[in-house]
Protein chains: 2
Amino acid sequence: MAGQPNKKADADISPAGTDITDAVDFEIIELLFFAYRDFTSDPDVILEKRGFGRAHHRVLHFVDREPGMTVADLLDTLRITKQSLARVLKQLIDSGYIHQVAGPEDRRQRKLYTTKEGKTLARALAEPQSRRIAEALAKTGPGARDTIKRFLAGMKTAEEN
Amino acid sequence: MAGQPNKKADADISPAGTDITDAVDFEIIELLFFAYRDFTSDPDVILEKRGFGRAHHRVLHFVDREPGMTVADLLDTLRITKQSLARVLKQLIDSGYIHQVAGPEDRRQRKLYTTKEGKTLARALAEPQSRRIAEALAKTGPGARDTIKRFLAGMKTAEEN
DNA sequence: AAAAATATGTCAACATAACTGACATATTGT
DNA sequence: ACAATATGTCAGTTATGTTGACATATTTTT
């Protein structure tokens, strides 16, 4: 567990011109794993009470964040298949957390909105995650938020469009 | 420093003493989702060729990083059940990527090590992830790495021990 | 108007990776 | 001897993803 610039050092020391661009960043890879593991486990207690899983959480979150988004939008955001989405979306609709409205211009579309209950649940799920983030940012120091935002945005694969 | 106190501002503006500690950080929550979604998809191509999944990747990664760790250590790290681990671990052992050695002091233990092939695979899987991190850090600016490290460490639930 | 394309929904079968519960074996500690 | 521990394994279940095929309504193109 002792902090170490060992990996970089190893690469520099490597005999002759063996490997120069070596130095794999295992440290951040691992920190990301732990951070995300614990971050996603926060809402599990609340979800379980309602018989939902993380898939439901993700759908509810994005519909809540972008009211009126279509099924196609959601598929593109979550990167799952229509059939995978259908199951959890149907459950959320049947449970009264999300409702659909036919698109005003294109009536083939189903625009998605959270109901009042949906908004409440989305908020409740986000709360412990938000608290965790706030605490981590506070411990990191002032100005951290902007750096984190830029880093995380940079980790996302750029969209082609 | 000059981030955006928008959400905080909204909360401050809220009528009467409605919500003060409100301000849920949807923005970072979402950025984390996209960052992790794309980060974990990097090694998928390599894994698929060998008939492995992300579960195998995680096991291989940690055994490679901490040679000699026991099954119990691994269970604690991954936060999955013994039966879940057994399946993927067995496959990695049978495929010759990981080997076991009875503990020298406590012979009930199975100390885990990556084989030569295991090390090679672990490195190959980490490489695209490491590259993504390096690019994101470069875009974020100098000094970002330390801030990111501290933030991610702060996101992890503290261990009791 | 007819044909093609698009957005969504749905059926069926299957894969992966998690879960619970129970029990077996070898080894260590009391 | 007995209890506790570390690991392995059997059997069944659940959550969430997959592919492929096809139906329906609607919009766009020809």
Side-chain angles (χ1 to χ4, degrees), chain A residues 33 36-37 40-41 43-63 68-95 98-113 125, chain B residues 33 36-37 40-41 43-45 47-63 68-95 98-113:
Chain A
F33 169 78
Y36 203 75
R37 181 196 64 179
T40 51
S41 77
D44 285 352
V45 188
I46 303 165
L47 288 165
E48 207 180 14
K49 283 181 203 156
R50 295 181 166 73
F52 290 153
R54 290 177 188 174
H56 301 88
H57 183 188
R58 290 194 288 272
V59 171
L60 187 64
H61 168 87
F62 284 108
V63 172
M69 80 189 302
T70 66
V71 171
D73 293 337
L74 205 40
L75 288 175
D76 189 58
T77 299
L78 301 173
R79 301 273 163 87
I80 57 174
T81 58
K82 192 172 46 160
Q83 296 84 340
S84 292
L85 174 58
R87 202 176 1 203
V88 292
L89 182 55
K90 194 172 191 304
Q91 290 172 320
L92 285 166
I93 291 168
D94 291 348
S95 311
I98 288 179
H99 67 105
Q100 295 176 311
V101 179
E105 268 112 63
D106 186 338
R107 281 165 46 216
R108 288 170 304 183
Q109 293 181 338
R110 295 287 173 272
K111 294 195 151 255
L112 304 169
Y113 299 89
L125 292 168
Chain B
F33 170 79
Y36 203 74
R37 180 195 65 180
T40 51
S41 76
D44 284 353
V45 189
L47 288 165
E48 207 180 13
K49 283 180 204 156
R50 293 176 167 76
F52 289 153
R54 289 176 189 176
H56 301 87
H57 183 188
R58 291 194 287 272
V59 171
L60 186 66
H61 168 87
F62 284 107
V63 172
M69 80 189 302
T70 66
V71 171
D73 292 337
L74 206 39
L75 289 175
D76 189 58
T77 299
L78 300 174
R79 300 274 163 88
I80 58 174
T81 58
K82 193 172 44 160
Q83 296 84 338
S84 294
L85 174 58
R87 195 171 357 144
V88 292
L89 182 54
K90 194 173 191 305
Q91 290 172 321
L92 285 166
I93 291 168
D94 291 349
S95 311
I98 288 179
H99 67 106
Q100 296 176 310
V101 179
E105 269 112 63
D106 187 338
R107 280 166 45 216
R108 288 172 303 182
Q109 293 182 338
R110 295 289 173 270
K111 294 195 150 256
L112 304 169
Y113 300 89

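Only this structure's heavy atoms are used, side chains among them; waters, hydrogens and symmetry mates stay out.
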Would you tell me if any nitrogen or oxygen in the side chain of A:Ser84 comes within less than 4.0 Å of OP1 or OP2 on D:dT16?
-> no
Please give, in whole Å, the distance from C:dA5 P to A:Arg107 CZ?
-> 23 Å
Measure from the side chain of A:Arg108, starting at C-beta and using heavy atoms only, and say which of D:dT16, C:dT10, D:dA25 lies closest.
-> D:dA25
N/O donor-acceptor pair under 3.5 Å between A:Asp94 side chain and A:Gln91 backbone | no
OP1 or OP2 of D:dT16 less than 4.0 angstrom from a side-chain nitrogen or oxygen of B:Arg54, does that happen here?
-> no
Check the distance between C:dC19's C1' and B:Arg79's CZ and give it to me in whole angstrom.
-> 17 Å
Base of C:dA18 paired with side chain of B:Arg87 (donor-acceptor, under 3.5 Å) = yes
Check the pair A:Leu125, A:His61 against side chain to side chain contact (heavy atoms under 4.5 Å, CB included), reporting the backbone distance first and the verdict last.
-> CA-CA 9 Å; A:Leu125 292 168; A:His61 168 87; over 6 Å; no
Shortest non-hydrogen contact from A:Met69 to A:Phe62?
-> SD-O, 3.4 Å
Base, sugar-phosphate, or nothing for B:Glu105, non-hydrogen atoms under 4.0 angstrom?
-> sugar-phosphate
What is the distance from CG of B:Leu75 to P of D:dT7, rounded to the nearest Å?
-> 8 Å
Among the candidates C:dA18, D:dT26, C:dG9, find the nucleotide nearest to the side-chain atoms of B:Arg58.
-> C:dA18
Tell me, do B:Asp44 and B:Arg54 make a side-chain contact under 4.5 Å, heavy atoms counted?
-> yes
Name the residue closer to the 5' end of DNA chain C, choosing between B:Leu85 and B:Lys82 according to the nucleotide with the nearest heavy atom.
-> B:Leu85
Has B:His56 got a side-chain N or O lying under 4.0 Å from the OP1 or OP2 atom of C:dT16?
-> no
Please check the phosphate of C:dC19 (OP1 and OP2 only) for any side-chain N or O of B:Thr81 closer than 4.0 Å.
-> yes
Side chain of A:Ala72 (C-beta onward), nearest among C:dT8, D:dT19, C:dC19 | C:dT8
Side-chain atoms of A:Gln83 come closest, of D:dA11, D:dT18, C:dA18, to D:dT18
Residue closer to the 5' end of DNA chain D, A:Ile80 versus B:Lys111 (nearest nucleotide) | B:Lys111
Using a heavy-atom cut-off of under 4.0 Å over every strand shown, decide if B:Gln100 touches base, sugar-phosphate, or nothing.
-> sugar-phosphate
If you check every side-chain atom of A:Ala55, which of C:dT27, D:dG17, C:dA17 has the closest atom?
-> D:dG17
Side chains of B:Thr40 and A:Phe33: closer than 4.5 Å at any heavy-atom pair?
-> no
